[in-house]
Amino acid sequence: MTAPDPQTAPRQAPEAPPPPIAMLAELTHRCPLSCPYCSNPLELTARSAELSAEEWADAFRQAAALGVLQLHLSGGEPASRRDLEQIVAAAVEAELYTNLITSGVGLTPRRLEALDEIGLDHVQLSLQGVEAGPADQIGGYRGGFARKMEVAREIARIGFPLTINAVMHRRNLDRLEETIELALRLGARRLEVACVQFHGWAMRSRAALLPTREQALRARDVVAEARERLRGVMVIDFVPPDYYAEFPKACMGGWGSTGLNVAPDGRVLPCHAAETIPGLSFDNLRRRPLAEIWLRSEAFAAFRGFDWMEEPCASCERKTRDFGGCRCQAQAMTGRASATDPTCSRSPDRAALDAALREAAEAGAEAPLVPRAPAPG
Ligand code: SF4
Ligand code: FES
């Protein structure tokens, strides 16, 4: 049998990607806190450009039709939207599993009760520290910690399943055991120990926030011990400080493969920090249907699959596990989004990572933090 001539044989259409499982809806960039590790972009969306509740409702219907199962409602602070209840109701109506990602500030007992009645499924509460002084200092919001504790009690009273998201860095990683105990006391079913990822605004405070190697190693051991001890009581997810890892994380489970983000103004992004990659253009829900964006938009196609990869990823046996790491991190540290993530030990750009570690070591524990600037009104 003769092999088909590649010049004349009919071309097979490229395989359509499977539908996304999760959608992150950034309802607003407004936020009462000003955490220096904010991973939102430098340029925030103004309130006047935000999608209306009706536009979000349409987005949720489209997402459900596309195959999305989980909806993460985030920000900024989603409670900054007065119409949050209306937005959640639309998500419930679309039969999506709804998770509210919040700092707790702006959530009153009445609002939480209303959200429960509407059908909100889950709450994820962020934690800046284990006591008021340092937590409020990092969040830039006096009284924030006390407010959060009240909200956590209310969440427990109502009976929402609760995840605590503890953002860890050089200034609080030594208090990891207390963080785990606090999450337990608050009744969390899941704790995310999330070491700061350096995207967007967070890059400005990298030298101050990057944990030391000793802290990173110790955190790994503390998490391992707690996971064993708390088996069946509380699940602990761990996002380690990847600057000390041997291999990078599989960011987004692979670009354009499992999830999508919708920015407050309706732009659809393959990941939270995709805007930091120059040259990518993003379609907007206001102008193109979500399914078409998922299947055909230029930004989603840019790093889908493996064809875009440079060496050493292109011929690496791990590429189907980590997808070459994080595109936004590669961009931030090498200036090329298609480069191997420099947190990989096989990356030819490890010098960029070593320079960041040196800079952090030289800056010391007192390196300045740059509080997040607020979104325009
Ligand atoms: Fe992953 Fe690329 Fe490193 Fe291989 S070379 S382990 S694919 S990041
Ligand atoms: Fe964009 Fe990792 S944050 S690919």
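These numbers come from a predicted model, not from an experiment. Note that ligands are numbered from 1 as they come in the structure, with each ligand's atoms numbered from 1 the same way.
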Self-check item: Count of N, O or S atoms belonging to protein, less than 2.8 Å from atom 2 (Fe) of ligand 2
Solution: 2
Self-check item: E77 side chain to S103 side chain, donor-acceptor N/O pair below 3.5 angstrom
Solution: yes
Self-check item: Charged N-O contact under 4.0 Å between K249 and D242
Solution: yes
Quiz item: Regarding Y243 and R213, is there a side-chain donor-to-acceptor distance under 3.5 Å anywhere?
Solution: no
Quiz item: If we ignore angles and hydrogens, is there a donor and acceptor under 3.5 Å between the side chains of H272 and S39?
Solution: yes
Quiz item: Is the NZ or CZ atom of R204 both under 6.0 Å from the centre of the six-membered ring of W201 and within 45° of that ring's axis?
Solution: yes
Quiz item: F300: what forms a ring-ring contact (aromatic ring centres under 6.0 Å, His included) with it, not counting sequence neighbours?
Solution: W294
Practice problem: Taking the side chain as every heavy atom from C-beta outward, state whether L115 and L100 have any atom pair closer than 4.5 Å. | Solution: yes
Quiz item: Which protein N, O or S atoms lie under 2.8 Å from atom 1 (Fe) of ligand 1, given by chain and residue number?
Solution: D322 OD1, D322 OD2
Quiz prompt | Under 3.5 Å donor-acceptor, R147 side chain and L107 backbone | solution = yes
Practice problem: Just grab all the ring-ring contact (aromatic ring centres under 6.0 Å, His included) pairs involving residues 328-377, residues at least two apart or on different chains. | Solution: none
